[in-house]
Number of protein chains: 2
Amino acid sequence: MTAPAALIGSWVEEIDTPALLLDLNIMEQNIVRMATAFRGLTAKLRPHAKTHKTPIIAHKHLAAGAIGITCAKLGEAEIMVEGGIRDILLANQIVGTRKISRLVSLARHADLIVAVDDGANVQDLSQAAQAAGVSLRVLVEVDVGMRRCGVVPGEPALSLAQQVEKAPGLKFAGLMGYEGHLVFVPSLEERVHRVHTDLQLLIDTVSFLESRGLPVGIVSAGGTGTALITGRLPRVTEIQAGSYVFMDGRYKTIEGVDCECALTLLTTVVSRPRPDRVIIDAGMKTLTHEFGLPRFKGRDDLELLGLSEEHGTVKLNDPSVALTPGSTLEIVPSHGDTTLNIHDFYYGIRRGRVEAIWPIAARGKSR
Amino acid sequence: MTAPAALIGSWVEEIDTPALLLDLNIMEQNIVRMATAFRGLTAKLRPHAKTHKTPIIAHKHLAAGAIGITCAKLGEAEIMVEGGIRDILLANQIVGTRKISRLVSLARHADLIVAVDDGANVQDLSQAAQAAGVSLRVLVEVDVGMRRCGVVPGEPALSLAQQVEKAPGLKFAGLMGYEGHLVFVPSLEERVHRVHTDLQLLIDTVSFLESRGLPVGIVSAGGTGTALITGRLPRVTEIQAGSYVFMDGRYKTIEGVDCECALTLLTTVVSRPRPDRVIIDAGMKTLTHEFGLPRFKGRDDLELLGLSEEHGTVKLNDPSVALTPGSTLEIVPSHGDTTLNIHDFYYGIRRGRVEAIWPIAARGKSR
């Protein structure tokens with residue numbers, strides 16, 4: 001769907017649906033709020049771009065003091081580099097001949113950091129970097145309890161770090177340990193406690209490596225639900241949090257997260273088959289629900305009962321409510337990252353008008 | 001992601017991942033199998049394009065004898081018309097000034113049929129059709145038990161049909177009643193029984209309208225799980241089934257559905273943190289799981305335990321299996337419609353080679 005630029009300056013009411021709306025005031029406040037919270041902390045922000053997938057928003061993070069950005073996929077990083085971003089952490093393993101060849105090519109146009117957890121992958125990266133005549137900064141990923149990627153803390157991390165340090169074309173830059181299993185712990189007290197416990201594995205590994213004469217420059221961790229906890233830990237130098245810029249509806253269910261939801265989906269009522277039901281034009285092809293069914297913005301009288309592919313079924317607690325085919329509603333996505341991965345652009349809204357239409361340039365760049 | 005056409009002729013092993021693969025032999029067999037099953041039936045096939053979103057596949061359906069295609073969204077229909085398709089059922093309500101204006105514009109380039117369930121919407125369609133100087137074929141949607149859109153069978157259907165019949169610019173073309181609540185009933189016997197019971201509401205409404213002097217030309221219903229049941233009902237003239245062309249993994253869990261799964265996701269192992277675990281490069285941003293976690297093609301020894309945004313976690317029942325970072329696997333999506341709505345193109349595969357790369361032209365055309 002190409003962006004109807006002619007709509008810039010129009011009122012929200014003129015936007016066809018379903019459409020992703022981005023409240024620019026709220027987004028800017030979220031960027032400033034997190035940046036302000038990090039002033040004076042030793043840890044700096046390297047916000048994750050997988051949330052917005054849009055170079056202009058990455059630049060807004062940098063303008064607010066971020067030291068760089070984080071990407072999940074090489075394809076996202078390629079888009080961000082095209083958009084003028086230089087300092088990028090690829091917070092995943094880049095595996096296979098084709099991807100590594102893209103990685104070292106991109107490294108001629110950007111300052112990349114890549115995560116590793118496997119010795120053979122380190123060899124592949126080293127050979128490709130040498131062949132391309134580039135130097136890659138490498139973080140050893142440590143599993144701090146998420147049970148996804150990453151080596152075991154301690155000895156295994158040391159031996160892989162030593163391999164990186166010796167590998168031509170690679171520079172051992174530090175450690176990464178993502179506590180993704182803790183970002184949604186509802187109780188703030190419990191979240192603080194568990195972050196301190198699990199990230200200690202990472203911090204102990206930092207000390208262990210340095211006790212063996214291997215200086216650890218970068219220590220990267222942190223998501224939106226833990227940014228201000230992990231960001232205060234000793235030795236942590238960078239936080240990867242990204243969702244806070246839009247703020248998923250799901251984060252409203254946990255304590256101690258201040259940012260507001262900037263992203264909404266504008267949808268139209270297409271049918272009112274019964275007094276207590278309306279059907280909307282937003283289904284699983286415009287809205288994701290793996291984090292639970294989303295809520296309506298400012299409408300506690302409406303409950304989304306379910307999504308089929310192209311429709312949503314909505315319960316009206318008050319059957320006298322005037323909603324007819326053509327009425328519009330706003331939904332707060334429970335998971336913005338995957339919802340915007342279906343859409344081609346955002347409408348940037350301020351004071352009820354379309355101020356900008358931004359292509360979601362890295363949408364679907366899953367390679 | 002633009003399609004790397006240079007890969008045409010390459011082996012599957014040369015494709016970067018994650019990537020959607022389409023087994024062309026299986027897809028062609030699925031099209032022929034369903035077309036053959038409909039020979040001799042009074043009901044004809046009007047396959048749904050929301051499954052494939054690709055004009056060339058719509059043309060393959062027509063070449064196999066389909067009388068037209070079905071679309072869910074106006075944006076999909078626009079793409080299909082651009083792709084040379086003329087006879088299109090929009091199996092949903094088209095609501096609002098902007099969309100109705102697009103609908104009557106498109107009607108100058110295609111033979112459209114649109115569903116209605118609301119009198120005010122009928123007025124809007126009539127005024128716009130007159131203003132544009134076009135004639136729209138209209139089906140009255142009847143709720144046969146799915147509890148989504150549609151009017152109540154009987155009297156309400158008659159009065160709306162009479163309104164359509166009288167409305168300038170509109171032609172009452174018949175009735176539509178989609179039994180989406182029955183397509184996944186596992187037991188074939190129960191599915192047959194419930195289809196006969198619920199679709200009788202539609203058939204009785206046909207007789208009722210004709211007893212009031214309103215001839216009912218088109219009677220449209222049917223999904224992949226019910227096509228060969230509903231397609232044999234008296235008075236049903238068209239079947240909207242679409243998923244059979246690729247066949248979702250989920251259909252393999254119900255009785256009496258023959259087509260094979262043509263769509264798979266090629267994914268790469270990026271980490272093997274433990275002997276009994278591998279992490280793959282396919283997560284919620286490349287694969288949907290609202291119909292359940294997908295299975296691996298031809299690998300009963302592997303179990304997908306969960307998806308995060310960019311990763312899948314896989315359990316190895318046999319820890320001695322040789323899967324290392326860089327190994328590739330194929331996943332059968334449990335829900336192809338939403339999975340391909342994330343991707344930009346398919347790799348059409350035959351005999352292990354890339355034969356075609358087809359853009360998913362209507363991807364994200366949710367308006």
Side-chain angles (χ1 to χ4, degrees), chain A residues 1 14 16-19 50 72-73 75 92-99 102 117-118 120-121 124 143 147-152 180 268-273 277 279 281-286 288-290 307-311 313 324-326 335 337-338 341-344 363-367, chain B residues 1 14 16-19 50 72-73 75 92-99 102 117-118 120-121 124 143 147-152 180 268-273 277 279 281-286 288-290 307-311 313 324-326 335 337-338 341-344 363-367:
Chain A
M1 208 177 308
E14 299 171 64
D16 200 359
T17 70
K50 71 178 172 65
K73 295 282 189 163
N92 285 311
Q93 290 67 28
I94 302 300
V95 171
T97 315
R98 274 161 229 82
K99 280 207 177 60
R102 285 165 57 198
D117 70 355
D118 176 75
N121 181 229
D124 294 342
D143 181 0
R147 304 276 173 265
R148 200 169 63 187
C149 299
V151 296
V152 175
T268 298
V269 172
V270 292
S271 180
R272 187 163 182 178
R277 288 288 158 88
I279 308 299
D281 65 358
M284 291 186 280
K285 286 181 182 171
T286 41
T288 60
H289 62 306
E290 65 270 355
L307 298 173
S308 49
E309 279 181 40
E310 322 286 355
H311 301 85
T313 300
T324 57
H335 194 188
D337 288 20
T338 51
N341 193 46
I342 310 175
H343 292 261
D344 293 322
R363 189 217 73 72
K365 298 291 183 284
S366 55
R367 299 178 189 188
Chain B
M1 211 175 302
E14 299 172 62
D16 199 1
T17 70
K50 71 179 173 63
K73 295 282 190 163
N92 285 310
Q93 290 66 29
I94 302 299
V95 172
T97 315
R98 271 161 233 85
K99 280 206 178 61
R102 285 165 57 198
D117 71 354
D118 177 74
N121 182 228
D124 294 342
D143 181 1
R147 304 274 173 267
R148 201 169 64 187
C149 299
V151 296
V152 176
T268 299
V269 172
V270 293
S271 180
R272 187 166 180 175
R277 288 289 159 87
I279 307 299
D281 66 357
M284 292 186 282
K285 286 179 181 172
T286 40
T288 62
H289 61 306
E290 65 269 355
L307 298 173
S308 51
E309 279 181 41
E310 323 285 355
H311 300 84
T313 300
T324 57
H335 195 188
D337 288 20
T338 51
N341 192 47
I342 309 174
H343 292 262
D344 292 322
R363 190 218 72 74
K365 298 291 183 287
S366 56
R367 299 178 190 188

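Residue numbers begin at 1 in each chain, while the letters A, B, ... track the order of the sequences.
- Partner B:D16 forms a salt bridge (charged side-chain N to carboxylate O under 4.0 Å, His left out) with one of A:R98, A:K73, A:K99, A:R367 and no other, that one being A:K99.
- Ranked by heavy-atom pairs shorter than 4.5 Å toward chain A, the options B:D337, B:D281, B:T97, B:D118 are led by B:D337.
- Ranking B:N92, B:L307, B:T324 against chain A, the residue ahead of the rest is B:N92, based on heavy-atom pairs under 4.5 Å.
- The nearest pair of heavy atoms linking A:V95 to B:P325 is CG1-C, 3.7 Å.
- Ranked by heavy-atom pairs shorter than 4.5 Å toward chain A, the options B:T288, B:D117, B:D124 are led by B:D117.
- In this structure, no portion of A:V151 lies under 4.5 Å from any heavy atom of chain B.
- Of the residues considered (A:R147, A:R102, A:Q93, A:M284), A:M284 shows the highest number of contacts with chain B, using heavy-atom pairs under 4.5 Å.
- In terms of heavy-atom pairs under 4.5 Å with chain B, the best-connected choice from A:H289, A:H343, A:R277, A:E14 is A:E14.
- Under the side chain to side chain contact (heavy atoms under 4.5 Å, CB included) criterion, A:I279 pairs with A:V270, A:S271, A:P273, A:H311, A:T313, B:R148, B:C149, sequence neighbours left out.
- If you take OG on A:S308 and CD on B:E290, they are separated by 11.0 Å, rounding to the nearest 0.5 Å.
- The distance from atom CG of B:D344 to atom NZ of A:K365, rounded to the nearest 0.5 Å, is 5.5 Å.
- Checked against side chain to side chain contact (heavy atoms under 4.5 Å, CB included), A:R272 has the following partners two or more places apart in sequence or in another chain: A:V278, A:L316, A:L323.
- For A:K285 (side chain) and B:K50 (main-chain N/O), a donor-acceptor pair under 3.5 Å exists by modelled atom type.
- For B:T286, the part lying under 4.5 angstrom from a heavy atom of chain A is the side chain only.
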